[in-house]
Structure formats: structure tokens, C-alpha cells
Visitor: 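Got a structure here, written out as C-alpha cells. Questions coming.
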Amino acid sequence: QVQLVESGGGSVQAGGSLRLTCVVSGTTYSTKCMAWFRQPPGKEREGVAAIFSGGGSASYVDSVRGRFTISQDNAKTTVYLQMNSLKPEDTAMYYCVLVQRGYCPVYVTHQWFERGSWGQGTQVTVSS
């Protein structure tokens, strides 16, 4: 059974940084697409960034491009989201998701990932 556990969330002032970590266990998928989503209070879940286990360019939503960086470890069992220059509008529950695919989508949509394996989330709060 695939399990994803997120950590690294917290409270930070605007302009600050956080690094989220997602540890994956229980999978032997040789190729997979990993992504981060977020869900602000009262709003729909939004794709933030995605990365393919086989390498290549990552995908980002426009609102975080240049501020957030998604990466993975060499074993492809941990995915990170480095968040810099945080803004109050980045406040949300952040989720990690995995889909067994041979590629990642250009646009990180919930429809593409909805049948994947999801973590429980980690809260990020940015104050002004």
C-alpha cells in the first residue's frame, strides 16, 4: 500500500521561506509523477508543482513560478517543495500526491491526479 507523509509546514511571515517534505513508502513504481497541491480555506484544491521520477523539467502553476522549487532525492522516494518569498495568499493545506505514469502533465490539474495516492497534508500559514 502506497503511503505519503508530508511535513515541514508551519507559520511564517510574508517574505519568509519553508521547505515541505513528502516521504513515499510502499511503492515499487519505477516511473511516477509526483506533485504538490494546495487547498486554501473555503477554496478548491489547486495544483502547485509536479516532477517526473525520470527527470526533465518540472511543471509549476504561474502563481508560484520563480518562488517555489520542486525536487526529489536520488532514490525517488522523497519529494521536496522549497517555498521562498511566501505571500499571505500561499496560506493553505499542502498535499503531496503520486501517480504511476510515464510522464507528468504540463498543467498540474486535480483531474489528472485525482485517482493517485494522496498524503494527509501539512498546513502552511503566511501572515502579512
Side-chain angles (χ1 to χ4, degrees):
Q1 184 177 358
V2 179
Q3 289 189 323
L4 292 82
V5 179
E6 303 97 332
S7 62
S11 298
V12 65
Q13 289 191 328
S17 298
L18 285 172
R19 188 174 85 153
L20 305 184
T21 299
C22 174
V23 178
V24 180
S25 62
T27 176
T28 58
Y29 299 155
S30 58
T31 58
K32 51 189 176 286
C33 180
M34 300 285 301
W36 286 95
F37 277 70
R38 65 185 180 185
Q39 188 165 18
K43 296 186 178 181
E44 293 185 352
R45 199 167 290 190
E46 171 193 44
V48 175
I51 188 168
F52 178 55
S53 61
S57 300
S59 301
Y60 296 93
V61 67
D62 287 345
S63 60
V64 308
R65 194 183 310 277
R67 299 189 297 123
F68 291 9
T69 303
I70 188 171
S71 62
Q72 58 191 339
D73 68 340
N74 290 334
K76 309 299 189 291
T77 58
T78 303
V79 177
Y80 307 97
L81 186 67
Q82 178 66 43
M83 305 185 296
N84 298 328
S85 302
L86 283 162
K87 304 176 181 180
E89 51 263 43
D90 294 319
T91 294
M93 184 71 79
Y94 283 72
Y95 299 90
C96 181
V97 58
L98 176 154
V99 171
Q100 183 192 5
R101 290 283 184 93
Y103 64 99
C104 278
V106 174
Y107 299 102
V108 189
T109 64
H110 187 261
Q111 182 177 10
W112 205 89
F113 288 90
E114 64 182 350
R115 294 189 177 184
S117 298
W118 292 79
Q120 293 300 307
T122 184
Q123 178 68 37
V124 171
T125 302
V126 184
S127 58
S128 58

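This structure is a prediction, so every number in the text was calculated from the model and none was measured. Computation of the quantities below employed the complete heavy-atom set of this structure, encompassing side-chain atoms and omitting hydrogens, waters and symmetry-equivalent molecules.
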Visitor: Filter on ring-ring contact (aromatic ring centres under 6.0 Å, His included), then keep only pairs touching residues 48-103, sequence neighbours left out; what's left?
Guide: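 Qualifying pairs: Tyr103-Trp112.
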Visitor: Checking the side chain of Lys32 only, and the main-chain atoms of Lys76 only, is there a donor and an acceptor separated by less than 3.5 Å?
Guide: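 Yes; judged by distance alone, with no hydrogens or angles, the pair exists.
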Visitor: For Arg67, check salt bridge (Lys or Arg N to Asp or Glu O under 4.0 Å) against everything at least two apart and list the hits.
Guide: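 Residues passing salt bridge (Lys or Arg N to Asp or Glu O under 4.0 Å) with Arg67: Asp90.
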Visitor: Per the side chain to side chain contact (heavy atoms under 4.5 Å, CB included) rule, which among Val61, Leu81, Ile51 passes with Trp36?
Guide: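 Running side chain to side chain contact (heavy atoms under 4.5 Å, CB included) over Val61, Leu81, Ile51 with Trp36 returns exactly one hit, Leu81.
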Visitor: Nearest 0.5 angstrom please: Gln123 CD to Thr91 OG1, how far?
Guide: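 That separation rounds to 7.5 Å.
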Visitor: Does any part of the side chain of Ile70, heavy atoms only, come nearer than 4.5 Å to the side chain of Val79, both counted from C-beta?
Guide: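 Yes, at least one pair of side-chain atoms sits under 4.5 Å.
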Visitor: With the 4.5 Å side-chain cut-off for hydrophobic clustering, are Val2 and Val23 part of the same group?
Guide: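 Shared cluster, no.
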Visitor: Less than 4.5 Å apart, any side-chain heavy atom of Ser53 and any of Gln72?
Guide: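 Yes, close enough: below the 4.5 Å cut-off.
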Visitor: I'd like to check Arg45 versus Phe113 (side-chain heavy atoms, cut-off strictly below 4.5 Å). Are they in contact?
Guide: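 The answer is no, as the side chains (C-beta and beyond) never meet within the 4.5 Å cut-off.
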Visitor: I'd like to know whether CD of Glu89 has more than 12 heavy-atom contacts from other residues, nucleotides or ligands below 6.0 angstrom.
Guide: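 Enclosed.
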Visitor: Roughly how far apart are Thr31 OG1 and Gln100 CD, rounded to 0.5 Å?
Guide: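 Rounded to the nearest 0.5 Å, the OG1-CD separation comes to 6.0 Å.
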Visitor: Can you list every side-chain hydrogen bond (donor to acceptor under 3.5 Å, both in side chains) pair that touches residues 1-26, not counting sequence neighbours?
Guide: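 Those involving residues 1-26 are Ser17-Asn84.
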Visitor: Can you give me the closest heavy-atom contact between Val108 and Ala35, atom names plus distance?
Guide: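 Smallest interatomic distance, heavy atoms only, reads CG1-CB, 4.2 Å.
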Visitor: Could you check whether any side-chain heavy atom of Leu4 comes within less than 4.5 Å of a side-chain heavy atom of Met34, counting everything from C-beta outward?
Guide: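 Yes. Closest side-chain heavy atoms under 4.5 Å.
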Visitor: Might you point out which heavy atoms bring Leu20 and Val124 nearest each other, and give the distance in Å?
Guide: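 Reported closest heavy-atom pair: CD2-CG2, 4.0 Å.
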Visitor: Quick one, Val64 and Arg38 - any side-chain contact, counting heavy atoms below 4.5 Å?
Guide: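 Yes. Closest side-chain heavy atoms under 4.5 Å.
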Visitor: Specify the closest pair of heavy atoms between Pro105 and Ser59, including all atoms of both residues, with the distance to one decimal.
Guide: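 For Pro105 and Ser59, the tightest heavy-atom pair comes out as O-OG, 2.9 Å.
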